[in-house]
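Below you'll find the structure, written out as structure tokens, and then a few comments.
Note that the structure is a prediction, hence the values are computed from the model and not measured.
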Amino acid sequence: GFNQRVGQVSLLDRETEKRAISVDLDRNLQRYALMWHVEGDYNGRHNVPRSPMLDPISGVLLLAGLLLLLTGPPMAARLPLLALLGVGLLPGLLSTDAPHAVRTVDAIAPALLIAALAAVRIGGALRGWPRLRAPALVAAAAGLLLINGWAYFGRVPYDPRIWEAFHYPAETMI
């Protein structure tokens with residue numbers, strides 16, 4: 001009983017579908033790569049349906065951080081963070097209904113650490129430009145607060161797709 005749901009959603013335990021697992025893995029890899037910036041989870045209990053999982057600022061920082069990790073210092077220093085991101089995405093990659101935010105919840109911390117790495121590097125690069133550094137940091141922080149504040153307090157409370165994702169939509173709406 002404990003593993004029944006795992007068997008229902010696993011790509012590795014499919015009795016009815018005859019497709020090659022590589023086709024599903026390829027599709028899932030593409031969907032999880034796009035979930036951060038283009039189209040996220042469809043379930044209103046996990047995210048604003050189909051909205052990217054990251055705001056634009058965090059998304060750009062994640063891409064910059066991944067670029068830094070892929071081209072940066074020796075692999076031994078980069079490998080743990082990349083491995084944590086990969087391990088966090090693995091349950092989603094091996095299951096149906098991609099992208100699925102809850103199945104990949106363990107990828108959130110490494111993704112944000114990678115974005116933070118880029119932010120620290122950008123801040124360090126601006127160290128020699130004190131007149132530009134402070135306004136850039138304030139603008140980035142204000143942008144993050146505005147974008148995410150609007151998402152959580154402006155969009156979520158008024159989106160019927162989110163209310164309908166719960167068993168009691170009227171109570172959720174209230």
Side-chain angles (χ1 to χ4, degrees), residues 1-17 19-66 81-119 139-174:
F2 181 76
N3 284 326
Q4 184 177 4
R5 181 67 179 147
V6 173
Q8 291 172 345
V9 300
S10 175
L11 294 181
L12 304 175
D13 187 25
R14 299 178 305 167
E15 296 174 6
T16 58
E17 294 184 44
R19 243 185 349 226
I21 193 167
S22 61
V23 172
D24 290 328
L25 279 173
D26 186 44
R27 185 192 73 230
N28 282 358
L29 188 60
Q30 180 183 11
R31 287 182 177 174
Y32 281 105
L34 294 174
M35 104 173 154
W36 304 104
H37 305 93
V38 179
E39 184 176 59
D41 197 337
Y42 304 163
N43 190 330
R45 288 176 289 169
H46 308 157
N47 186 43
V48 175
R50 298 185 179 230
S51 294
M53 300 302 284
L54 292 176
D55 61 81
I57 296 170
S58 300
V60 167
L61 289 172
L62 174 64
L63 288 175
L66 285 170
L81 208 44
L82 291 170
L84 283 172
L85 182 64
V87 168
L89 290 171
L90 201 55
L93 291 171
L94 296 175
S95 63
T96 60
D97 304 324
H100 197 284
V102 174
R103 292 184 193 139
T104 56
V105 70
D106 289 336
I108 295 172
L112 293 179
L113 285 171
I114 293 168
L117 171 70
L144 284 169
L145 285 172
L146 287 172
I147 292 168
N148 289 297
W150 169 249
Y152 290 108
F153 301 112
R155 289 178 68 191
V156 169
Y158 306 104
D159 192 331
R161 297 173 303 170
I162 294 171
W163 310 334
E164 293 161 1
F166 292 89
H167 294 293
Y168 305 101
E171 289 82 354
T172 304
M173 184 171 52
I174 292 169

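- Across every non-hydrogen atom of R103 and P91, the tightest pair is O-CB, 3.3 Å.
- Counting heavy atoms from C-beta on, the side chains of N28 and T96 never come closer than 4.5 Å.
- Residues G65 and L117 come closest through the heavy atom pair O-CD2, 4.5 Å.
- Distance check: D106 CG to L85 CG gives 11.0 Å after rounding to the nearest 0.5 Å.
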Could you check L112 against L54 for side chain to side chain contact (heavy atoms under 4.5 Å, CB included), going step by step and ending with a plain yes or no? CA-CA 9 Å; L112 293 179; L54 292 176; 4.2 Å; yes

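- Closest heavy-atom contact between A140 and I57: O-CD1, 3.9 Å.
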Result block: side-chain N/O donor-acceptor pairs under 3.5 angstrom for residues 147-158, not counting sequence neighbours:
residue	atom	partner	partner atom	Å
N148	ND2	D55	OD2	3.1
N148	ND2	L144	O	3.0
R155	NH2	S51	OG	3.0

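- Using a 4.5 Å cut-off on side-chain heavy atoms (C-beta onward), L89 and M35 make contact.
- Sequence neighbours left out, the pairs with a member in residues 34-46 that pass salt bridge (Lys or Arg N to Asp or Glu O under 4.0 Å) are E39-R50.
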Under the side chain to side chain contact (heavy atoms under 4.5 Å, CB included) rule, what do L82 and L66 come out as? Steps first, then yes or no, please. CA-CA 8 Å; L82 291 170; L66 285 170; 4.1 Å; yes

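- Using a 4.5 Å heavy-atom cutoff, the side chains of I162 and P49 are in contact.
- In this structure, CG in L62 is found 6.5 Å from CH2 in W36, a value given to the nearest 0.5 Å.
- Once rounded to the nearest 0.5 Å, the distance linking CG of N47 with NE2 of H100 reads 11.5 Å.
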Stepwise side chain to side chain contact (heavy atoms under 4.5 Å, CB included) check, M53 with T104: CA-CA 11 Å; M53 300 302 284; T104 56; over 6 Å; no

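- Legend: residues meeting ring-ring contact (aromatic ring centres under 6.0 Å, His included) with H37, ordered by chain and number and at least two apart, are absent.
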Please step through side chain to side chain contact (heavy atoms under 4.5 Å, CB included) for the pair R161 and V48, ending with a clear verdict. CA-CA 8 Å; R161 297 173 303 170; V48 175; 3.9 Å; yes

